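Quick notes on the structure that follows.
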There are 2 protein chains.
Amino acid sequence: MEREFFAGFIKIHILYHAVHEGEICGSDIAREIATHGYNVSPGTLYPTLHRLEKMGYLRMTERVEGGRRRKYYHATPAGRKALEKARVKIKELVDEVMEGD
Amino acid sequence: MEREFFAGFIKIHILYHAVHEGEICGSDIAREIATHGYNVSPGTLYPTLHRLEKMGYLRMTERVEGGRRRKYYHATPAGRKALEKARVKIKELVDEVMEGD
DNA sequence: ATCCCGATATCGCGATACGATATCAGTATT
DNA sequence: AATACTGATATCGTATCGCGATATCGGGAT
């Protein structure tokens, strides 16, 4: 099975949402990404959240919202810094590859 | 060891160069990418070229240039189409994640 | 208690990244 | 024509990752 060209971009997407929305849970991200025409497998999403947390980029707080147990993630300072760094790098790449758009 | 956030973007980079430069060999790509502050491991580059060829996106022609045996890759129509599709997708993602740049 | 349901977690496996290492083929040197 | 040199390409080993499928978990309703 062939993997999407932009697989792995999900990490940045998640980081972005955690920084931008203040806090966000897995299903929120799944919904958000789905509205953009993608779909993230839970088998990708949740391990990625855990990884980002373990890296020290996200911190988790559990809470019950709308009758559901949810795990909200917010970005740490290290997470914000990592996002900035990633954005710079991506911009460089995009500026080259997207030439003419 | 932690993988780069934008690993896997290399495929698009390679496709882009194959389309844009007409034809390109592995070491050219390595050099090109290096000038942009990245470095691609040959253990990533060559298997990726082979994969793209197997996918039908690149075609290879062997030639001796400057006293060196080189394998030049050029994009097939399918390769061009794949690049376009990838660019659209990436643009969508970037427009969202890069908000405010 | 039991069922329902959405959120989260895990499993299994193929795909991928990538440093390290090897191979391969022209060229120059002898 | 054998050898050494050099840059290009290939492969190996291993950790990481993606992801569909499947399981679990917990709050609320019946």
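Computed from a prediction, not measured in an experiment: that's the story for all the values here.
Here the nucleotide nearest the side chain of A:K11, chosen from D:dT11, D:dG27, D:dG18, is D:dG18.
Here A:Y46 reaches the OP1 or OP2 of C:dT8: one of its side-chain N or O atoms lies under 4.0 Å away. In this model, the phosphate group of D:dG18 is approached by a side-chain N or O of A:R51 to a distance below 4.0 Å at OP1 or OP2. Dashed line: the shortest gap from a side-chain N or O of B:R69 to OP1 or OP2 of C:dC24 is not under 4.0 Å. The phosphate of D:dG20 (OP1 or OP2) has a side-chain N or O of A:S41 nearer than 4.0 angstrom. Taking only side-chain nitrogens and oxygens, A:R68 never comes nearer than 4.0 Å to OP1 or OP2 of C:dC5. Distances shorter than 4.0 Å separate some side-chain N or O of B:T44 from OP1 or OP2 on C:dC18. OP1 or OP2 of C:dT8 lies within a sub-4.0 Å distance of a side-chain N or O belonging to A:S27.
Note on ring orientation: taking the six-membered ring where Trp is involved, the planes of B:H13 and B:Y16 are perpendicular (angle over 60°, cut-offs 30° and 60°).
Cation-pi geometry between A:K89 and B:Y38 is met: under 6.0 angstrom from the ring centre, within 45 degrees of the axis. With A:F5 as the aromatic partner, B:K85 does not meet the cation-pi criteria of under 6.0 angstrom to the ring centre and within 45 degrees of the ring axis.
A:G66 comes within 4.0 angstrom of no nucleic acid atom, judged by non-hydrogen atoms across all strands.
Going from atom CD of B:E53 over to atom NE2 of B:H74 covers 9.5 Å, rounded to the nearest 0.5 Å.
Counting atom types as modelled, B:R3 pairs a side-chain N or O with a base atom of D:dT16 as donor and acceptor under 3.5 Å.
Rounded to 10 degrees, the angle separating the terminal helix axes of the helix from C:dA1-D:dT30 to C:dT30-D:dA1, each built from five base pairs, is 10°.
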